[in-house]
Amino acid sequence: MLVMGEVHTGLLQNSGEIPESSARDVLRLLAGETVRVSRRPIAYAVSPDRLTGVDCRLPAASQSRVRGVGTVVSRSSITGGRVVQGSSYAHVQRSGSDRRLAWSHYLARPGVIEVFGKARAEDLADGFTEDPPADCLDLGAISARFMDTVQASPLLDRRAPFKIARARLRWVARTGEPAIRLTLHSDQVRTLRIVHEGEFTPAVADLCEDLALHDWLLTALLVIIERARVGGRPGPEAAAKLAPAVDHLLHLWMPAARVDDALAPFWESLDRRPGFTRQWQSLVDRVRDQVAVNTLALLSATADAGRRRQ
Amino acid sequence: MTSVNATFGEVAAERRIASAPFSHVSIELGHLYMEDFEAGPERLREQFRRVAPWVRSVRASWQDRVPGRRARVSTCFLIDDYFSPFSTPAELVPMVLDAAAESDLTIDYLARESSCAESDGVELARLVEDRLVDDPAPETNGSRPPVKETGWLSNGARSPQVGAVQAMGKAQRWAPPVQNAKRGHSIFVDVELWDEAAGRRTWSCPFLAAVWQLLRLGLLRSEGRLPLRPVPREDAFPGDWDSLPAVVQLNPAATPFSAYTTLSVLSPRFLPVELAVRTILSQVAVDADVLRQVAARSESEGVRLEEELVDRISYVFT
């Protein structure tokens, strides 16, 4: 019927970026399972998938009571040794039965939640992307736990270079005529609706994680620039406030780095409108210009002081 | 210039899952504990006499399922060297083999129970414990981590603690435990997975038996590799259990140790243990890639496997 997921993205609670070996240790969430790591075009490490069992109401916009039983797939990842994500999703399918079956039935279909009765995909998609009621499936809490597990690792020093809120992206994916819609709700919540051709594959979840990562980067950079109050305070102070962006964020922009070729057009269309990369580039230019202007000012001040001494 | 299709791969970014060779069925001819050994060789002979007809019958039924080909049936025998080690391989193994031969049975593989806990530095029991996905009670929506009684696993919701005083000061009344997937009435099962004394963990017999079933079904991997490979026997059996490989291949002509399905021929006294084993196995999440691999493999030779792994396991209690 549809796939629903939620990705949480935040800054790793560590003073500097962590090396690949630490990322491997931090993400070892399952004995006997390798942490997958890729280095090109950006360092990326992802934990093994884990399952969480659920038996609860699913959010429906019509408020109809839809019960689902099954498992949610989750994982944690670290990008660039700096950004952490907790991601969960479940494939919602109609149950062939009208009552709950033995648990082994659901474990034979990892990542599938089976719903009883007359659920409509559109109703569930609307219900999930609006604010789901508290007693309904809570993918957010599950993703938050996968992010917290990483943040609580004893290998991290918990001295992040700046404070920034975590962002939540809720997504639903369905099969049909390709379309994508990203909506910004509050500062921290976004929803994404994807219609893709063919069967759902985990590559769609990868795409959502990649979009969530870049949306968070953009938000973080905006926040840092806002906090610097460029023009509202002396240049050197503003430039110092921008330094964390240069040290920790600017090199992380790598759109669609791990996105399947077949799904790349989704990224490209979002990049045309609203134009993620355009905005990012203009912000990066702004940060660099500020730093450059400030450097020039410092240089000329030093030169002036030198001339006066002669 | 025409466009060029570039492919780039990183070994560390890809998952590799070793595939296991498979028999059609793995038959466990027996499970030997100290008390059986102490009862003398006659107890063992009697066990094999009871088992023999079932082995013939299972072989024949698999032969019907794969007409024109040879049914691949492997047999195995498990010795408890974990809870109460006894005797030595040099003394015990020949005796077991002789007793089996009297009933025209061949033991293809001999395994040590302690290898289900740990073998060659791989803690198989931990590996399986990490893959338990608890059967959720109704109203479990993921907002809180699963409720766990450390070291226990159940198939439902436990009774609230009798006598516990709630915030309002009213003592809670007893309520029955409830099986999650009950049909009318509950059969609530709560299994102890392990206990600890002086910092040392002892896995329970049903938990090790669950690991044993997963090994026989070829569904476990450690870092993508097969955690246990049978080692061909040497001419003489060693004088202590630790020197014996985890799984010894006694019959050079045997079909593979792991199999699409398993059959265990057991005394009815093991019934509660096996109920516990099934309760555990119903909550083990086998790797999705491994499940697909085994399904593809069996389908390629025209064998359709049950989806749920507990349905691949059968028993004869005799």
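Proteins come first, then strands; the chains are lettered A, B, ... in the order of their sequence lines, and each starts at number 1.
- Residue A:A45: no heavy atom, backbone or side chain, is found under 4.5 Å from chain B.
- In terms of heavy-atom proximity, A:D138 sits nearest to B:S143 at OD2-CB, 3.4 Å.
- Nearest heavy atom pair, residue B:V310 against residue A:S104, reads CG2-OG, 3.6 Å.
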Please step through salt bridge (charged side-chain N to carboxylate O under 4.0 Å, His left out) for the pair A:R28 and B:E223, ending with a clear verdict. CA-CA 11 Å; A:R28 196 172 290 281; B:E223 311 290 339; 3.7 Å; yes
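- Between chain B and the options A:D135, A:L139, A:L101, the largest number of non-hydrogen pairs under 4.5 Å is found for A:D135.
- Taking the side-chain contact (heavy atoms from CB on, under 4.5 Å) definition, one finds that B:S119 meets it with B:S115, B:L228, B:A246, sequence neighbours left out.
- The shortest side-chain heavy-atom distance between B:V133 and A:W103 falls under the 4.5 Å cut-off.
- In terms of heavy-atom proximity, B:G142 sits nearest to A:A141 at O-CB, 3.6 Å.
- Close approach to chain B, defined as a heavy atom under 4.5 Å from one of its heavy atoms, is seen in A:A108, A:R109, A:P110 of residues 108-115 of chain A, taken by number.
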Side chain to side chain contact (heavy atoms under 4.5 Å, CB included) between A:R100 and B:K182, worked out: CA-CA 9 Å; A:R100 180 173 160 166; B:K182 66 172 179 173; over 6 Å; no
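- Heavy atoms closer than 4.5 Å to chain B are found in the side chain of A:R50, but not in its backbone.
- By the 4.5 Å heavy-atom criterion applied to side chains, A:R57 and B:N141 are not counted as neighbours.
- Here B:R131 contributes atom CZ and A:L30 contributes atom CG; the two are 4.0 Å apart, rounded to the nearest 0.5 Å.
- Taking all atoms of both residues into account, the shortest heavy-atom contact from A:R145 to B:R144 is NH1-C, 3.4 Å.
- Looking at B:R15 and A:R36, their side chains come closer than 4.5 Å, going by heavy atoms from C-beta outward.
- Looking only at heavy-atom pairs under 4.5 Å with chain B, the residue among A:L107, A:L58, A:V35, A:V46 that has the most is A:L107.
- Side chains of A:V54 and B:P136 form no contact here, defined as non-hydrogen atoms less than 4.5 Å apart.
- The line from OH of A:Y106 to CD of B:Q283 is 13.5 Å long, rounded to the nearest 0.5 Å.
- One distance of note links NE2 of A:H105 with OG of B:S282; it measures 13.0 Å at 0.5 Å rounding.
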